[in-house]
Amino acid sequence: MSDSLAGLLATALDTRADLITRLHGEQTDAYRLFHGSVEGMSGLTVDRYGDLLLVQSFHQSLAPDDLAALEAFYATTLPGLIPIYNDRSQPNSRICNPLTPEQKVAAHLPRQCSELGVNYRIQARHEGQDPWLFLDLRAGRRRVMAEAAGKSLLNLFAYTCGVGIAAAKAGARLVVNVDFAESSLRVGKESAHLNELSTRPRRVLSDVFPALRQYAGLGQAQMVRGKRLPPFPKLEPQQFDLVFLDPPRYAKSPFGVVDLVNDYSALFKPALLATAEGGTLICSNNVAEAEPDAWLDQLCRSAIKAGRPIHEAEWIAPEADFPSPDGKPPLKMVVLRV
Ligand SMILES: C[S@@+](CC[C@H](N)C(=O)[O-])C[C@H]1O[C@@H](n2cnc3c(N)ncnc32)[C@H](O)[C@@H]1O
């Protein structure tokens with residue numbers, strides 16, 4: 001078993017040789033080294049974030065001899081990386097494996113990694129479960145960096161503000177990150193401080209629904225069906241040159257339901273109205289089963305209904321460290337000129 005895992009890791013590393021050279025040339029030291037779902041071991045991922053080697057297993061724990069073989073493989077091929085294993089095979093993908101005291105210190109040490117010349121804070125273990133930078137979204141951040149100079153950007157479901165920081169590094173004139181998780185926005189603030197930026201990215205601690213409705217000029221009621229809603233920051237209507245909409249698959253809050261399968265329009269419509277005429281709205285959909293054409297068709301119909309037709313649509317795919325042999329990456333991203 002361990003021999004065969006080492007073989008799979010070697011093939012994955014060989015396949016990435018050119019990509020890794022290119023990424024290093026672009027000041028990127030954060031990338032996926034092994035994407036198990038399509039590289040021979042479903043549920044296992046290995047990511048490099050600067051000097052951290054983050055190993056994660058989903059659905060099933062990694063056997064101790066496999067973990068030892070994996071660590072030995074990378075100690076030889078990419079010496080100097082610090083391996084941390086996060087076993088997320090329990091319900092809700094919660095990290096469940098104990099660490100030795102030494103590993104604990106290494107896992108909680110604040111580190112940094114670089115992507116396209118932008119520095120990001122990273123830490124193997126923290127109060128959440130997911131790494132602070134989603135690597136499959138690099139293609140989206142790359143696109144934002146290519147378009148952001150001199151523009152205003154609204155980053156919705158900002159998490160640790162990766163997209164916003166990338167935009168600020170690329171010369172955006174205004175960056176607004178919206179998320180309701182204070183701890184994630186705090187990481188974004190720290191990451192921003194690791195860079196020289198053209199503008200200080202703003203952080204709006206708010207549920208996306210009321211923030212977006214207000215920016216879009218739709219307003220947010222304070223009561224719904226006789227019930228008072230939780231307080232939310234008051235924001236002036238404002239349109240942005242670039243809007244990045246990267247929601248989770250499903251999330252319920254007092255203000256609405258994020259449900260990418262059944263109701264993408266609930267987010268799409270106000271996001272479109274918060275995008276300036278002639279501006280760009282970048283939407284993602286991480287529902288693996290979603291059919292790209294059907295999804296885009298739905299967006300086009302919503303846009304016409306909202307009186308803001310889509311003039312041009314262009315797909316962006318995750319980069320080659322997230323291979324998808326069937327050409328159907330789980331994460332779909334589309335750039336809409338509106
Ligand atoms: C998958 S992450 C988004 C990733 C992010 N776009 C990035 O660039 O890394 C989902 C985020 O949505 C936030 N979230 C979920 N529902 C929300 C809501 N109703 N309002 C605000 N934030 C929400 C979570 O706090 C989390 O940070």
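The model shown is predicted, which means the values in this text are computed figures rather than measured ones. Just so you know, residue 1 is the first one in the sequence shown, and it goes up from there. Order of appearance sets the numbers: ligands from 1, and atoms from 1 within every ligand.
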K.L.:
Please confirm whether the backbone N or O of A68 pairs with a side-chain atom of E71, one donor and one acceptor, at under 3.5 Å?
P.N.:
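No; zero donor-acceptor contacts below 3.5 Å.
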K.L.:
Return yes when G162 approaches ligand 1 closer than 4.0 angstrom through a heavy atom, no otherwise.
P.N.:
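For ligand 1, residue contact (heavy atoms, under 4.0 Å) with G162 is absent.
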K.L.:
Does ligand 1 have any atom that is closer than 4.0 Å to a heavy atom of C161?
P.N.:
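No heavy atom of C161 comes that close to ligand 1.
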K.L.:
Do any N/O atoms on N155 end up under 3.5 angstrom from N/O atoms on ligand 1?
P.N.:
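No, N155 has no N/O under 3.5 Å of an N/O on ligand 1.
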K.L.:
Scan for ring pair (Phe, Tyr, Trp, His ring centres under 6.0 Å) pairs involving residues 243-272, sequence neighbours excluded, and state none if there are none.
P.N.:
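Listed by first then second residue: F232-F255, Y264-W295.
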K.L.:
List every atom of ligand 1 that sits less than 4.0 Å from any heavy atom of A251, numbering the atoms from 1 in the order shown and giving each element.
P.N.:
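Checking each atom against A251, I get 16 (N).
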K.L.:
Is E26 salt-bridged to R142, cutoff N-O under 4.0 Å?
P.N.:
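A salt bridge links E26 with R142.
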K.L.:
Return the residue, atom name and 0.1 Å-rounded distance of the protein heavy atom closest to atom 22 (N) of ligand 1.
P.N.:
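Going by distance alone, atom 22 (N) of ligand 1 is nearest to F180 N, 3.3 Å.
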K.L.:
Taking 4.0 angstrom as the limit, do R32 and E39 come out as a salt bridge?
P.N.:
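So R32 does not pair with E39 through a salt bridge.
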K.L.:
Quick one: does ligand 1 sit under 4.0 Å from the side chain of S206, the backbone, both or neither, non-hydrogen atoms only?
P.N.:
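Contact part for S206 vs ligand 1: backbone (N, CA, C, O).
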K.L.:
Could you see which bit of L137 sits under 4.0 Å from ligand 1, with heavy atoms only: side chain, backbone, both or neither?
P.N.:
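The part of L137 near ligand 1 is the side chain, not the backbone.
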K.L.:
Among all protein heavy atoms in this structure, tell me which lies nearest to atom 4 (C) of ligand 1, with the distance rounded to 0.1 Å.
P.N.:
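Going atom by atom, the protein heavy atom closest to atom 4 (C) of ligand 1 ends up being D246 OD2, 3.3 Å.
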K.L.:
Give the residue and atom name of whichever protein heavy atom lies nearest to atom 25 (O) of ligand 1, and the separation in Å to one decimal.
P.N.:
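Of the protein heavy atoms, D179 OD1, 2.7 Å lies nearest.
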K.L.:
Select the closest option to atom 9 (O) of ligand 1 among F232, W132, F209, F134, judged by heavy-atom distance.
P.N.:
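Going through F232, W132, F209, F134 one by one, F134 has the nearest heavy atom to atom 9 (O) of ligand 1.
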K.L.:
Considering residues at least two apart in sequence or located in another chain, which fulfil the ring-ring contact (aromatic ring centres under 6.0 Å, His included) criterion with Y74?
P.N.:
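Scan of Y74 (ring-ring contact (aromatic ring centres under 6.0 Å, His included), adjacent residues dropped) gives none.
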K.L.:
Is any NZ, NE, NH1 or NH2 atom of the basic residue among R308 and E277 found under 4.0 Å from an Asp or Glu carboxylate oxygen of the other?
P.N.:
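Here R308 pairs with E277 in a salt bridge, since their nearest N and O are under 4.0 Å apart.
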K.L.:
With the threshold set at 4.0 Å, does a side-chain nitrogen-carboxylate oxygen contact exist between D321 and R16?
P.N.:
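The answer is no: the pair does not qualify as a salt bridge.
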K.L.:
Less than 4.0 angstrom from a charged side-chain N to a carboxylate O is my criterion; do E182 and K189 meet it?
P.N.:
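K189 and E182: not salt-bridged.
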K.L.:
Checking the N or O distance criterion of under 3.5 Å, is ligand 1 in contact with D207?
P.N.:
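Between D207 and ligand 1 (N or O atoms, distance only) the closest approach is under 3.5 Å.
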